[in-house]
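Atoms within a ligand are numbered from 1 in the order they appear, just like the ligands themselves. Note that the structure is a prediction, hence the values are computed from the model and not measured.
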Amino acid sequence: MADLIMVTGGTGYIGSHTVVELQQSGFEVVIVDDLSNSGIEVLDNIEKITGTRPLFEQFDLADRDKTADFFARNKGIKAIIHFAAYKAVGESVQKPLAYYRNNLVSLINLLDNQIKYKIENIVFSSSCTVYGQPDVLPVTEQTPRKDAESPYGNTKRICEDILHDTIAANQQLKGISLRYFNPVGAHPSALIGELPLGVPQNLVPFITQTAAGLRDELKVFGNDYNTPDGSAIRDYIHVVDLAKAHVIAIERLLKAKNKTNYEVFNLGTGTGLSVLEIVKGFERATGVKLNYRIVERRAGDIEKIWADTTYANNELGWKAEKGLDETLLSAWNWEKKVRGIK
Ligand code: NAD
Ligand code: WQD
């Protein structure tokens, strides 16, 4: 019988791609999502890709009673992948309590029930935001975390600590925090992808919406950074590569291949690219000319970061495989599909 994996936030951007990879690797999936930042039609599209409709329940994981009721009814879950969280950095500055409540309480509720029902394994969505602007590049998992620049970033740091401390106190629990760098792109089927509400804050969705004519121009935030072309550098990873790492993390836990009960991995490509390189890469990959303009730096942005992926490569046997052009083209194909552009 297939192992049952609970995926919180499974109709969201990274969660939906991970559900596809889990199902294609033979796992059974139950998604919990309150649909606060995703749509129910994602289930149809997952079914179109994989031939299987995941189990689904809609409720808020920060609701203690509803979460307890779910676990009382759903026995046999072997592991949890916890994607569900609010993730808009700017909004978190305006609404810190909403972010702390949602992101911290949902994790606490899950862990309470894991202990109660002896569900050993959890994989947590962390972020390279915990490193802030590192003093040395690239960043390894040993690179010190810095004070968070936003309430959102702080929730990731605190959630890592909650996991670490809870696992230390409960020897039957095992967990992996995956620190994502910048996830971009979409499934090659163009049936699932990122669908930001309102004006996108992230670079690649803004680029694809500009190319699609929804935005007049892309603003490139700053060309006076200490980088080769002056624009800021990040490590952009294809969401399908990222999703595959979750399947490997789950298998590692289920087969007890973990070295310690709590582990942390960087998930990036290992290559830093500037904003202008992404703009040029998009034009090259898609043949679409982008209207862009250099403007002031964006407040709170760091100058440069990219991952040292040696540990993930060696320990997980995982490596990001998709190149930049394929990644940006997949983002464009998704945008075209959503907007009905031929
Ligand atoms: P997303 O918003 O697309 O997906 C999150 C999903 O969780 C959404 O479907 C939302 O409806 C759901 N959700 C939120 N709060 C919930 C709650 N209390 N109960 C039930 N469902 C809830 O975001 P994403 O980009 O797929 O990110 C997934 C995870 O990865 C998040 O934890 C995010 O912080 C983390 N992460 C994302 C990025 C990124 O750039 N996208 C980078 C690093 C880390
Ligand atoms: C990338 C680069 C911008 C938009 C954020 C979160 C981080 C993580 C990933 C979750 C930067 C530049 C952007 C635009 C631009 N999320 N840019 N014009 O800021 O690296 O990280 O998402 O954990 O926590 O902070 O990603 O895509 O917003 O920006 O020039 O219209 O693109 O200045 O240099 P960022 P991003």
Side-chain angles (χ1 to χ4, degrees), residues 7-18 31-40 42 57-63 66-67 70 81-90 92 98-99 101-107 109-110 124-132 148-150 152-153 155-156 159 177-184 192-197 199-207 209-210 215 217-223 225 227 231-237 239 242-243 246 267-268 273-276 278-279 292-305:
V7 180
T8 79
T11 44
Y13 173 44
I14 307 169
S16 58
H17 289 82
T18 301
I31 293 175
V32 172
D33 200 301
D34 64 0
L35 302 182
S36 55
N37 199 35
S38 56
I40 192 76
V42 172
E57 290 207 23
Q58 180 181 354
F59 67 88
D60 176 358
L61 287 153
D63 184 320
K66 287 187 178 146
T67 307
F70 169 84
I81 310 183
H82 184 39
F83 291 104
Y86 294 160
K87 64 162 181 177
V89 176
S92 80
Y99 272 68
R101 185 178 299 111
N102 195 53
N103 295 3
L104 305 191
V105 175
S106 59
L107 176 63
N109 287 342
L110 286 175
F124 173 68
S125 296
S126 191
S127 167
C128 69
T129 192
V130 300
Y131 296 117
E149 309 252 350
S150 69
Y152 165 74
T155 69
K156 290 291 150 188
C159 281
S177 284
L178 299 175
R179 292 179 180 155
Y180 315 151
F181 281 66
N182 287 52
V184 295
I192 53 174
E194 187 173 14
L195 206 50
L197 294 175
V199 181
Q201 305 302 308
N202 295 116
L203 178 63
V204 172
F206 207 102
I207 287 178
Q209 288 200 7
T210 305
R215 314 278 157 212
E217 61 174 13
L218 169 74
K219 294 183 178 66
V220 173
F221 297 134
N223 69 345
Y225 286 109
T227 60
S231 64
I233 291 179
R234 300 288 185 273
D235 184 337
Y236 297 90
I237 177 165
V239 66
L242 196 62
H246 291 75
L267 296 182
L273 293 171
S274 73
V275 176
L276 290 172
I278 295 295
V279 168
Y292 72 91
R293 184 164 59 96
I294 313 277
V295 301
E296 290 295 292
R297 293 181 181 194
R298 181 171 69 178
D301 268 350
I302 60 164
E303 182 168 86
K304 51 188 162 192
I305 187 167

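- With a 4.0 Å heavy-atom cut-off, ligand 1 is reached by no atom of H82.
- Distance from atom 24 (P) of ligand 1 to its nearest protein heavy atom, with residue and atom name: K87 NZ, 3.7 Å.
- Paired with V275 under the rule side-chain contact (heavy atoms from CB on, under 4.5 Å), one option of L203, I294, N223 passes, and it is L203.
- In this structure T11 satisfies the side chain to side chain donor-acceptor pair (under 3.5 Å) test together with D33, S38, sequence neighbours excluded.
- With A85, S125, G9 as candidates, the residue nearest to atom 14 (C) of ligand 1 on a non-hydrogen basis is A85.
- Residues T155 and L104 have side chains in contact (heavy-atom distance under 4.5 Å, counting atoms from C-beta outward).
- Within the structure, the closest approach of E194 to ligand 1 does not fall below 4.0 Å when heavy atoms are considered.
- Atom 11 (O) of ligand 1 has as its closest protein heavy atom D33 OD1, 2.6 Å.
- Protein heavy atom at the shortest distance from atom 19 (N) of ligand 1 is L61 N, 3.0 Å.
- Within the listing of ligand 1, atoms 17 (C), 18 (N), 19 (N) sit less than 4.0 angstrom from a heavy atom of D60.
- Remark: F83 pairs with H246 by the ring-ring contact (aromatic ring centres under 6.0 Å, His included) rule, at least two apart or across chains.
- Under a 4.0 angstrom heavy-atom cut-off, L35 registers as being in contact with ligand 1.
- Between Y99 and Y152, the two ring planes are perpendicular [angle over 60°; tilted spans 30° to 60°].
- Here the shortest heavy-atom distance to atom 30 (O) of ligand 1, taken over Y236, Y180, F181, belongs to Y180.
- For ligand 1 and G12, the ligand atoms under 4.0 Å from any heavy atom of the residue are 3 (O), 4 (O), 9 (O).
- Here the protein heavy atom with the shortest distance to atom 3 (O) of ligand 1 is Y13 N, 2.8 Å.
- Remark: side-chain polar atoms of T227 are not paired, donor with acceptor, to backbone N or O of I233 under 3.5 angstrom.
- In this structure, S106 has no heavy atom closer than 4.0 Å to ligand 1.
- Here the side chain of T8 pairs a donor or acceptor atom with the backbone of A84 at under 3.5 angstrom.
- Checking each of V184, V204, I14, N202 against E194 for a side-chain contact (heavy atoms from CB on, under 4.5 Å) leaves exactly one that passes, namely N202.
- What sits closest to atom 38 (C) of ligand 1 on the protein, heavy atoms only, is P183 CG, 3.9 Å.
- For atom 29 (C) of ligand 1, the closest non-hydrogen atom of the protein is F83 O, 3.2 Å.
- Residues that satisfy the ring-ring contact (aromatic ring centres under 6.0 Å, His included) test with Y292, not counting sequence neighbours, are absent from this structure.
- Screening K219, R215, E217 for a side-chain contact (heavy atoms from CB on, under 4.5 Å) involving F206 leaves a single residue, R215.
- The environment of K66 atom NZ is sparse: at most 12 non-hydrogen atoms of other residues, nucleotides or ligands sit within 6.0 angstrom.
- Shortest contact from atom 34 (O) of ligand 1 to any protein heavy atom: Y152 OH, 2.6 Å.
- Annotation: side chain of L107 is in contact with side chain of H82 (closest heavy-atom distance under 4.5 Å).
- Scanning the protein for heavy atoms near atom 37 (C) of ligand 1, the closest one is I14 CD1, 3.8 Å.
- Looking only at side-chain heavy atoms (C-beta outward), F221 and V295 come within less than 4.5 Å of each other.
- Around ligand 2, the residues contributing at least one heavy atom under 4.0 Å from the ligand are V89, S127, T129, Y152, N182, Q201, N202, L203, F206, L218, K219, V220, F221, A232, R234, Y236, V275, R298, D301.
- Considering D34, V7, V204, V184 only, the shortest heavy-atom separation from atom 21 (N) of ligand 1 involves D34.
- I302 places none of its side-chain heavy atoms less than 4.5 Å from the side chain of Y131.
- Counting atoms of ligand 1 from 1 in the listed order, those under 4.0 Å from a heavy atom of S38 are 8 (C), 9 (O), 11 (O).
- Although no hydrogens or angles enter the test, the distance criterion places a donor-acceptor pair under 3.5 Å between the side chain of Q201 and the main chain of V199.
- No part of C128 comes within 4.0 Å of ligand 1, judged by heavy-atom distances.
- Side-chain atoms of N103 never come within 3.5 Å of backbone atoms of K156 as a donor-acceptor pair (strictly under, hydrogens ignored).
- Among N102, I81, T8, the residue whose heavy atom sits closest to atom 18 (N) of ligand 1 is N102.
- Taking every heavy atom of A84 and a limit of under 4.0 angstrom, the matching atoms of ligand 1 come to 7 (O), 13 (N), 16 (C), 21 (N), 22 (C).
- Close approach to F59 involves these atoms of ligand 1, each under 4.0 Å from a residue heavy atom: 19 (N), 20 (C).
- The option with the heavy atom closest to atom 1 (P) of ligand 1, from among N37, L107, I237, is N37.
- Close approach of ligand 1 to S126 is summarised as follows: ligand atoms under 4.0 Å from at least one heavy atom of the residue are 43 (C), 44 (C).
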